[in-house]
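Okay, so here's the structure we're looking at.
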Amino acid sequence: LVSSGGLKMSGGTRLENANPVIFQRSGERLLTASEEDEDVHDPIDDREIFDILSINDPEHPLSLEELNVVEQVRVKVNDAESTVGVEFTPTIPHCSMATLIGLSIKVKLLRSLPDRFKIDVHITPGTHASEEAVNKQLADKERVAAALENSSLLEVVNQCLSTRNI
Amino acid sequence: METREAELKGLGADFVFGFVQSMDGERDPRNLLLAFQIAKNIIHRGYDLGKFTEELFEVTSCYFPIDFTPPANDPHGITKEELIEALRAVLSGTPKFAEFLLPLIIEKLDSDVQSAKLDSLQTLTACLSQYEHKDVAEFLEGLWTSLRREVFQTSSERIESAGLAALTTLTSCLSRSVLNSDSEDSLSTFLDLVLKDCKHHLCEPDLKLVWPSAKLLQAACSASNRASHIITAAVMPSLIDQYSSRTQAPVILIIMTNLFLSSLLCSEPMDQDNNRVASEQYSHHAVRQRCLSALAAVSTQPSIVRESTPVLLEVLSSAHTGNLSGKMDPCGFLSGCFHVVRLAGQTASRAVSLFLDGDVSFLPDNSFPSHIQLLKQGDSWSQSQMVCLLMGCVCSLPRSVEVPQIDQLLSQLEEMSCTCSHPLSYTSAAKCFAGLVNKRSQGDSLDSLIQRTTKRVCSELDSTSSPVRTQAFTLMIWVAKALLLRYHPLSTALTDKLFSLLGDADLGAMAADGFSLLMSDSADVLNRGCHADVRIMYRQRFFSENSAKLVQGFNAAPQEKKPNYLKALSNIVNKLPKQETVLLLSLLLEALLCPDQGVQLSTLSCLEPVLINPPPALIQQLEALVSRLLALICSSVRIASLRCIHALSRFPEHEILPFRARVLRALARPLDDKKRLVRSEAVQARGEWFLLGSPGGR
């Protein structure tokens, strides 16, 4: 559809993956006593990042979690070192939405985490034909920033990141 | 015998022998009465029976059971009952007769004649209270077989209850035995017999033997602590299993409850030696506590509570006599129960006469002092706190049921609530008073009562050095609530007093909290479940009549008193539908500046729903609102504040867009808050503000 500043995207209006496999949503995180204790510090953990990533899929009325595009086991955060890494698995190996999905994840993290964090988003190795190219785009700060200046792209990203009415 | 006892005793066993010979064959009832009297004296006054014990027994017991019909027009008026009593006094007079008497009783219990059965059972009960376990040990099986038969195959209620009483006495007798390492424990041997025959019937609740079995077990349970421990331990586990799996649950429930109640009732005198008593007492109290908690859990059925009411009133009487420690808490339990179940007027009038007049006549097994004073504090608050039971009882009655002696009751309750020093007691008295006032019918007597109470309460409150200011305050607030609910015009005097107290040095904060009490639903009194007179929209009415007063008071108050006004306001406003909140927006915004955390929190929680559909007035105040909310996002009320900022994102876009950059910047900091809950709110809020005014956003 659109490409700008180096981020290449292809894709028509037709849904590529009309019948995805659906995975069950995990339950709500349970509250612990220490989480209610004002004096105790709760470090940022993988589950917390995973919960932040409850993002819509651009093609489906389902979330990325339900499509198993993001899984908690592929989220790694280190609060003390201010690093977070997310591997995501596109629904099919030629999914043209891969870049968009990766971008949405990156943006969501940028908006939700303190400035100190270094954010790494990449495709689960071996799950996509163009993973190297996509990973390179996602890792490039300037290209990401420029992409977000594009209002059509931003629009799609924002749609992914909007909370749905359940 | 009256005058020459020493000489007669000096004759030794010969005297007894002589007496036996002269009594032999006597048939005239007048002579028999006299003879029985003499025999009784011989036994009770310690005459030496020598080797004539059996003879003495024979010559008297041959008349047992008494079968006597007085002739018509009998000039002497001797009744069968007199003879029975007199003979019983002889036969049960000494354990020396046990070896002869017990077989006799067992034999006579076999008779088909009802009166013979009854006499046997009653005589048995009489003698067992004197006997030791060694006197009965060899007869246990025979006695149990007979008693069991009388209850299982009973045709008469009198006989059944006599049989149960005999079982209780027998179990008590066995419980009195002192255990040492080489003696057999006759109590547990006996209870094994009982359990063997009764326990399995409890597992068949559809067969008719379940009730007699249950009654027998209860009778044994109520004899002593040890017995109740043994029986409940043996029986409860299987009952509980059954309860959860059976369709006959109500039956099981009633059985369990009755067993609990019997355990509670056993009033064993605590005059044994120290060590054993201390630990037994402790575990006994613990068991009672557990019984009560269990009873609270199972008492959801009206039939059960009806059964337990007289027994529980007895429990509270035990508290008076000091048999229970102050740790008991029947209050919560009973208040809860009575709240659920509608009580008939009869129970209420019993409760009232118990509390007002100390009338214990209706309590079962009445051995309590006849003049309990439960509405006076006296020495122990364990007694005065029982007023909460009274409250549970009389305040949940339907309005159609008249509470007897109500004026006297109200007067004593008022006195107690104003003078008692124990918080639970004076608060319960105040609540009880209020509950009654709320339902009292309109008219001059109600009005003059209210005026008197108001005057008393206000004069105590006006005197800052009064020792009962808190008590007066408590009474005031509950009465105010009672009147407010029913739209009574005299409520204003009390609520005005409450407003004026917001500036009081000692009671100011309590007054602010008092508004919460006025507006909230109370769980145990003055609610619809208790048939209280609650008019619709009373909160809105109160608010609309008083909001101006509140705002004025706030404006006029010195800075350090303003938090009380704000707290009062937020307590009121919290309970109102949100349209009303809108009227007080300026005040609420002002409240956000207040350094008091409680005020901040209640203001924020008031504000949040208003922000969902903001009125135009609020939109004009956006700058103030945003600044003040942002100022709070790192404070102790940051979660509430973040939620408000999240809600703000729903405002009309063109109004809040100017604030977007500032909010996004400010929200960066709570993203790194040490608490996850805070971070989570911040993430959501910030995410929404990002989408604002952005393509693809909302």
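Sequence lines set the chain letters: A, B, ... in the order given, protein chains first and strands last, and positions in each chain run from 1.
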Closest approach of Asp39(A) to Lys674(B) (non-hydrogen atoms, all atoms of both residues):
CA-NZ, 4.2 Å
Closest contact, heavy atoms only, Asn158(A) versus Pro695(B):
ND2-O, 2.7 Å
Is it the side chain or the backbone of [X] that comes within 4.5 Å of chain B heavy atoms, both, or neither?
X         : answer
Leu110(A) : backbone
Leu154(A) : both
Glu35(A)  : both

Enclosure of Arg539(B) CZ (heavy-atom neighbours >12, cutoff 6.0 Å):
yes
Above 12 or not: heavy atoms from other molecules or residues under 6.0 Å from NZ of Lys118(A)?
no
For residues Leu113(A) and Arg679(B), determine if any side-chain heavy atom of one lies less than 4.5 Å from a side-chain heavy atom of the other.
no
Find out whether Lys675(B) and Val40(A) are in side-chain contact, i.e. whether some heavy atom of one side chain is under 4.5 Å from a heavy atom of the other.
yes
ring-ring contact (aromatic ring centres under 6.0 Å, His included) filter on Phe515(B), not counting sequence neighbours, yields Phe499(B)
Inter-residue atom distance [X].[atom1] - [Y].[atom2], 0.5 Å rounding:
X         : Y         : atom1 : atom2 : value
Asp42(A)  : Leu677(B) : CG    : CG    : 7.0 Å
Ser112(A) : Leu667(B) : OG    : CG    : 11.5 Å
Leu671(B) : Phe117(A) : CG    : CZ    : 10.5 Å

Listed once per pair and sorted, the salt bridge (charged side-chain N to carboxylate O under 4.0 Å, His left out) pairs that draw on residues 627-640 of chain B, sequence neighbours left out
Glu38(A)-Arg638(B), Arg638(B)-Asp673(B)
Select, from Glu36(A), Arg116(A), Lys108(A), the one with the greatest count of heavy-atom pairs under 4.5 Å involving chain B.
Arg116(A)
Can you tell which of Ile44(A), Leu31(A), Asp45(A), Asp51(A) makes a side chain to side chain contact (heavy atoms under 4.5 Å, CB included) with Arg676(B)?
Asp45(A)
